[in-house]
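I have placed the structure first, in the form of structure tokens, so that the comments after it can refer back to it.
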Amino acid sequence: MQDNATEVTAAGIARLAGVGRAAVSNWRRRHADFPKPVGGTETSPSFALAEVEAWLRHQGKLAEVPLRERVWQQLAGHPEGPATALTHAGFALLLVHDRPTVWLEASAGSDERLAALLPAALEQVAAPRFAWAQGEDGVHAGAGTETTPTVNRPVTVNTPDTVSGKSAAPHTSAAPHTPAAPHTSAALSATPTTTPLVPVPTGPQLFPSTPLLRGVAELAAELGARQTFEFLLGRHLDANPRQYTPTPTELARLMADLAGPARIVLDPACGTGALPRALDIRPGQELYVQDSAPELAVLTALRLALHGRAPVRAAVGDSLRDDGFPWLRADTVLCHPPFNERNWGHDELAYDPRWEYGFPARAESELAWVQHALARLRDGGTAVLLMPPATASRRSGRRIRADLLRRGALRAVVALPVGAAAPYNIPLHLWVLRRPEQAPGRPEVLLADAGQFTGEGRGGPDWQAVRDVVLDAWRAHDRDGTLQERPGLARSVPVIELLDDDVDLAPARHLPPPAAADGAEQLAAVRDCLDATLRLTAGLTPPPAVTAPPARWPLTTVGELARGSALVMRTGGYGGHARGPVLTDHDVLAGTGPSGTLPESDEEAVLTEAGDVVVPVLGGGSVVRVVDPATAGAVLGRNLVLLHPDPAALDPWFLAGFLRGTANNRQASSYASTATRLDVRRLQLPRLPLDEQRRYGARFRALDEFERALRHAGRLGDQLVRGMYDGLTDGTVPPG
């Protein structure tokens, strides 16, 4: 079947052909036979993928569409939307993963036959992965409770609209927030629910997706089923950044490690499933996830099923208003709740039994999530929640915070560095809670502050340093009930010390400053280093410039040099499978070492080599960097273009120097209302013999050394000034 239904935008065409969007606009104007729009809008039209592919190949602009690009375009242009397409792809990949021979048999015939056979095959795979477990007496098996009868289990009705990504009718439960009823014959005779909570799409729903499913299976043979789904899900999230609030992978790992090993795990606001995916897979593990967005609940269930063998129970609905698992007693709850939600159910949930520690105020939705997590834990179970810092100090929540402390439920508050997760401009907190057992709660709470590990640039925190400090402090505190004070980093604080009028739990307000020993000696060392750097900078100062008439060189462009094989141009932004330091655009602009991170992806990472020239494309600054041996091997980050010159044709310092010209950058830039973007292909440089290039390159290299010395002197000056202010204000440095 020819896939004529799949549509592709101008941006997708540019990606297929490896050109900019401006080139696609030119083709539409210059070529009368360019495919006509079949959808979209006048300003953002869409085109039939098959027609576009045929036209590109006829024009010699496309030898063959890479398989992963073809599959992505089929998914992105699916007539029912990418969320539906991704759901169908996930089911097909689960079948390929669990029963590959069944997939081969079903896909051997026509698309009509495939769509007709798939639902029954998918039911066989989905039922054991997503259906409710059932004990001999009708009681849910393995839910962490021995007395909860079937009548109190939620009965979730998922309509086909759940699969298509549209709003489905909310599920209902017989007794959503009431204590379990005693065992009675009536309760035990209730019919248990055996319908999978993740419904299998029907044949008519699957039929438009059959070309996509065949491509997905082919890609799975190349990458593996799990990696294929991660690639497609990652592309979908990147293409829709405003629709989702992801939990970064490193943060999810830290939260999972704080929680420790667990058999029964709940994520009541699962999003795309980053938190349960970060757990170590254990025998007999059970995963429970819920989200108010139907498509996210289904996609997370599929993602977790492909990630491991643990059964996944998924529910759709707002966990505060419509709890999908009111009977559950989990070992661990991991949660990244929505922040600052005023419409969380304050009016209708006033008498909910989950508010053991006090009824949350309308502005304290996060404290409602905290108590929901505690209510779903077994005695001694652990919950880890990501929280906005205001929750630790707002006056409206002080009574609940006080009761959490008195009863031993709140065990730790950890301040994260700025940039750990969205919103990236504030230092979020992690709260570690434990449902109190019969024994009294411990009298001390761990307060830790990892804010100093922000790291340079926009690549995110120094996660290894954060993990080392936070996990070491938590494990020692959890083991011994107390922690020897670590100035500026962590402290076990007696509960009585926190129970004042404010009950302020912000770690920075209770931690002693870093040890000031040898502070004067450290400042003296910084000053000596600054003196040496200033002397070096003076020696590197360029000689006076000699005025000369403007040169009239024949010019070429980076694009022409790339077409002539004088250099290779590559774009960064993919993490690959191997984790390594990432060179970010901020690193290039600031002249610092690689400081960033990128999520793991199936797209091959671009690695830098000594002599490569790296150009940022956003920001409007004329800054270019030649990769030195210390930076070589770093992964190229987002919004960067790498130029790899042929040393027999181009001197890298000559190339970098001329690309930094202000006029050159101005003519190659395009402007939007809030940003400037550089088209690297349009940057110009003169055609000069290699010997002449090297003369210019030597001068440009000397300027670069002078610039780096100035930057280093500036950083040392800032460090000295900040240290003097701190020393004078804390008394470690006398005024005279």
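Predicted model only: the values in this text are computed from it and were never measured.
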Restricting to salt bridge (Lys or Arg N to Asp or Glu O under 4.0 Å), what partner residues turn up for [X], sequence neighbours left out?
| X | answer |
| --- | --- |
| E222 | none |
| R235 | E69, E603 |
| D280 | none |

For [X], what residues pass the side chain to side chain contact (heavy atoms under 4.5 Å, CB included) criterion, not counting sequence neighbours?
| X | result |
| --- | --- |
| V125 | L94, L95, D98, R99 |
| D257 | R467, L471, R475 |
| N240 | H236, Q243, Y244 |
| N340 | E366, R394 |

Between F130 and V200, does a side chain to side chain contact (heavy atoms under 4.5 Å, CB included) hold up when you go through it step by step?
CA-CA 10 Å; F130 304 129; V200 170; over 6 Å; no
What closest approach, in Å, do [X] and [Y] show between heavy atoms, and which atom pair accounts for it?
| X | Y | value |
| --- | --- | --- |
| P211 | F207 | CD-O, 4.4 Å |
| S365 | P338 | OG-O, 4.3 Å |
| A278 | A256 | O-CB, 3.9 Å |
| A126 | F91 | CB-CE2, 4.3 Å |
| F453 | A465 | CD2-CB, 3.5 Å |
| A490 | L483 | CB-CD2, 3.7 Å |

Run the salt-bridge test on [X] and [Y] with the 4.0 Å N-O cut-off and return the result as yes or no.
| X | Y | result |
| --- | --- | --- |
| E230 | R277 | yes |
| R376 | D323 | yes |
| E356 | R435 | yes |

Can you tell me how far [atom2] of [Y] sits from [atom1] of [X], rounded to the nearest 0.5 angstrom?
| X | Y | atom1 | atom2 | value |
| --- | --- | --- | --- | --- |
| L279 | T332 | CG | OG1 | 7.5 Å |
| W369 | R354 | CH2 | CZ | 9.0 Å |
| E218 | L223 | CD | CG | 11.0 Å |
| L75 | R70 | CG | CZ | 14.5 Å |
| E341 | E364 | CD | CD | 13.5 Å |
| L304 | C270 | CG | SG | 8.0 Å |

Between the main-chain N or O of A83 and the side-chain N or O of T87, is there a donor-acceptor pair closer than 3.5 Å?
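Confirmed, T87 side chain pairs with A83 backbone.
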R214 side chain to S107 main-chain N or O, any donor-acceptor pair under 3.5 Å?
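Yes; judged by distance alone, with no hydrogens or angles, the pair exists.
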Tell me, do [X] and [Y] make a side-chain contact under 4.5 Å, heavy atoms counted?
| X | Y | answer |
| --- | --- | --- |
| T300 | D291 | no |
| W344 | D318 | no |
| V370 | Y357 | no |
| P268 | H372 | yes |
| V216 | L219 | no |
| V265 | L275 | no |
| T382 | L377 | no |
| L213 | S209 | yes |

Quick one: does NZ or CZ of R313 land under 6.0 Å from the six-membered ring centre of F325, within 45 degrees of the ring axis?
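Because its charged atom misses either the 6.0 Å distance or the 45° angle limit, R313 does not stack over F325.
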Under the side chain to side chain donor-acceptor pair (under 3.5 Å) test, which residues partner [X], sequence neighbours left out?
| X | value |
| --- | --- |
| T272 | none |
| E105 | none |
| H97 | none |

Salt bridge (charged side-chain N to carboxylate O under 4.0 Å, His left out) contacts in which one or both residues fall within residues 199-211, not counting sequence neighbours:
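Pairs touching residues 199-211 that pass the test: none.
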Can a side-chain donor-acceptor contact be found between H78 and T84 if the only test is distance below 3.5 angstrom?
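Per modelled atom types, T84 and H78 side chains form no pair under 3.5 Å.
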So, E286 versus Y288: side-chain donor-acceptor pair below 3.5 Å or not?
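Yes, side-chain donor-acceptor contact under 3.5 Å.
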All ring-ring contact (aromatic ring centres under 6.0 Å, His included) counterparts of H336, not counting sequence neighbours:
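In terms of ring-ring contact (aromatic ring centres under 6.0 Å, His included), with neighbours along the sequence ignored, H336 is linked to F339.
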Let's go through L433 and W431 carefully: what are the C-alpha distance in whole Å and the side-chain angles of both, what is the deciding distance for side chain to side chain contact (heavy atoms under 4.5 Å, CB included) to 0.1 Å, and is it a yes or a no?
CA-CA 6 Å; L433 303 111; W431 284 26; 4.1 Å; yes
Go through the steps for R378 and D331 under the test side chain to side chain contact (heavy atoms under 4.5 Å, CB included), then give the verdict.
CA-CA 6 Å; R378 63 167 175 79; D331 300 311; 2.6 Å; yes
L251: which of L428, L430, V466 passes side-chain contact (heavy atoms from CB on, under 4.5 Å)
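Testing each of L428, L430, V466 against L251, the sole residue satisfying side-chain contact (heavy atoms from CB on, under 4.5 Å) is L430.
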Show the numbers, then the answer: is there a side chain to side chain contact (heavy atoms under 4.5 Å, CB included) between I281 and R309?
CA-CA 8 Å; I281 299 174; R309 302 298 304 180; over 6 Å; no
